[in-house]
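Below, all heavy atoms of this structure are taken into account, side chains as well, without hydrogens, waters or symmetry copies.
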Amino acid sequence: MANGKFRAKIKRGATRAKQKSGSIYFLLWSAFALFSFLIVLLVSFSQSYLIRETYERQTEKTLVEKGKQIETVLARTSLYDLESEQFSEFIRYLSSSNDVNVCILGADGKVYSPNGGISDDGGDTFRSDYAQEARILLEKLKQNGGKSVVYSASREYVYGASLGFYDGQPIYLYVNTDLQFLHGVMGQMTVRMILIALLVFILSFAVSSAISGALVKPLTMLTEKTRRFARGDYEVDFSDGAYGDEIVELAGTLNFARDEISKADKMQKELIANVSHDFKTPLTMIKAYASMIREISGDNPEKRNKHAQVIEDEADRLTSLVSDVLDLSKIRSGLDALKITKFDVSSYLYDVLDRFVYLVENKGYTFLLDIDDGLFIQADEIKIGQVLYNLIGNAVNYTGDDKKVYISLKRENSTVKFSVRDTGKGIKKEELSTIWDRYYRSGETHKRPVNGTGLGLSIVKSILEKHNFNFGVDSKVGEGSTFYVYFN
């Protein structure tokens, strides 16, 4: 068991380490540090290459100038005794004064002058056998048509030219300068570049850490605030301390989402409270009157029927509430698919109005109609029936003391406009944006002749939005309200 817990801890630790290594902070830091390191390497190699190329070109140019000068001097000098000590001293003078190595070679590599050969490293060691160098020089001269040449060989630059003959043998001028200085400089430069690379890497570590921290800080703050928001803190402000256009835009989006979710949460709580209340009221009435029938009016037919009628009315009210809640839930969730057909909305409106005849006959209501005949629309007939009934019922509930309701159905250009107007107290301007919410209630306290669940306008909104029909309301306090729908 203990071993299993230990393995679980190790596994969780590895997961956290993996997440940490994949964080934005780590990615920014590593990218910046790697970029800095690559820049240093690029600068180092490019600088080394440029220095080498520049030095070699300059060395070659200088060697050509000095070689030609020495060749000109020797052309004017008698070469009758190349192996004499006097001539050797002259060659050594040319070498020291021009800061190059000068010698005269035979075709076989024999050094005629200076005596004993020349030093390769400037020390006391001299070579007198230049067979390999002579062979390369002859090949270069042959390739260049016998003219003087300059070329690189091993770790040196060579200037060579033909000087004619000595003692019946061809002789050649061989001038060289080594690249030891260049190699020394490049070695020192390499060491310095390594030190600079290490210094830059350390600085990039510090700078990238600071920059990455500054860039990640607002994201970390947003993450922490999002956790608080997920725990139900709707007061959190995502824009607090945010900077940078992208972060500000993200914070604004999160604030908008917070507000919308807060509204939805509030509406959900209100919906639950209202539904609970509306469920509880008829259930309480049903229970109470059922007890009264059992205990009081069971043997009295008149009272029993009256109490039973109350139970029936409350059951109908409860059924209506459940039906509206289910309808709204189906519409909002998309489970209740529309069944689009073409139908005569004029005739259908009269059928809906038949359900309000009892108000005209028994309650003194007046419906003033302005309906064009033969108007057809394409929509879900049943759903549009709910819209018409709910809007007319809403107007009946909120119309004035004159009990008049104005209903219009007219063609306007390529659309059909339905409107219903009441003569009630109207809707305050600040309430216009909330009347379509679930369980919107006006402040009026008069008795409503049409029983409602408080979900009517929300159902209307959901149905019309699903049809993509334009709708709205115009209202003035003290003059009534007009609800309208454009059937496309």
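- Annotation: salt bridge (Lys or Arg N to Asp or Glu O under 4.0 Å) contacts of Glu412 (sequence neighbours excluded): none.
- Under the salt bridge (Lys or Arg N to Asp or Glu O under 4.0 Å) criterion, Arg227 pairs with Glu224, sequence neighbours left out.
- Residues satisfying the side-chain hydrogen bond (donor to acceptor under 3.5 Å, both in side chains) criterion with Ser162, sequence neighbours excluded, are absent altogether.
- Annotation: salt bridge (Lys or Arg N to Asp or Glu O under 4.0 Å) contacts of Asp108 (sequence neighbours excluded): none.
- Listed by chain and residue number, Trp436 satisfy the ring pair (Phe, Tyr, Trp, His ring centres under 6.0 Å) test with Phe483 (two or more places apart in sequence, or in another chain).
- By the ring pair (Phe, Tyr, Trp, His ring centres under 6.0 Å) test, Phe343 pairs with Tyr348, sequence neighbours left out.
- Applying the side-chain contact (heavy atoms from CB on, under 4.5 Å) criterion to Asp372, with sequence neighbours excluded, gives Leu375, Lys410.
- A donor-acceptor contact closer than 3.5 angstrom is absent between the side chains of Glu60 and Tyr159.
- Shown here are the ring pair (Phe, Tyr, Trp, His ring centres under 6.0 Å) partners of Tyr112, two or more places apart in sequence or in another chain: Tyr166.
- Here Lys110 pairs with Glu83 in a salt bridge; the nearest charged N to carboxylate O distance falls below 4.0 Å.
- With sequence neighbours left out, the side-chain hydrogen bond (donor to acceptor under 3.5 Å, both in side chains) criterion links Arg228 to Asp233.
- Ring geometry for Phe87 versus Phe90: interplanar angle of 30 to 60°, hence tilted.
- A search for ring pair (Phe, Tyr, Trp, His ring centres under 6.0 Å) contacts involving Tyr157 returns nothing, not counting sequence neighbours.
- With sequence neighbours excluded, the residues forming a side-chain contact (heavy atoms from CB on, under 4.5 Å) with Glu85 are Glu89, Arg92, Asn115, listed by chain and number.
- For Ser97, the side-chain contact (heavy atoms from CB on, under 4.5 Å) criterion is met by Tyr93, not counting sequence neighbours.
- Considering only heavy atoms from C-beta on, Leu349 comes within 4.5 Å of Phe418 through its side chain.
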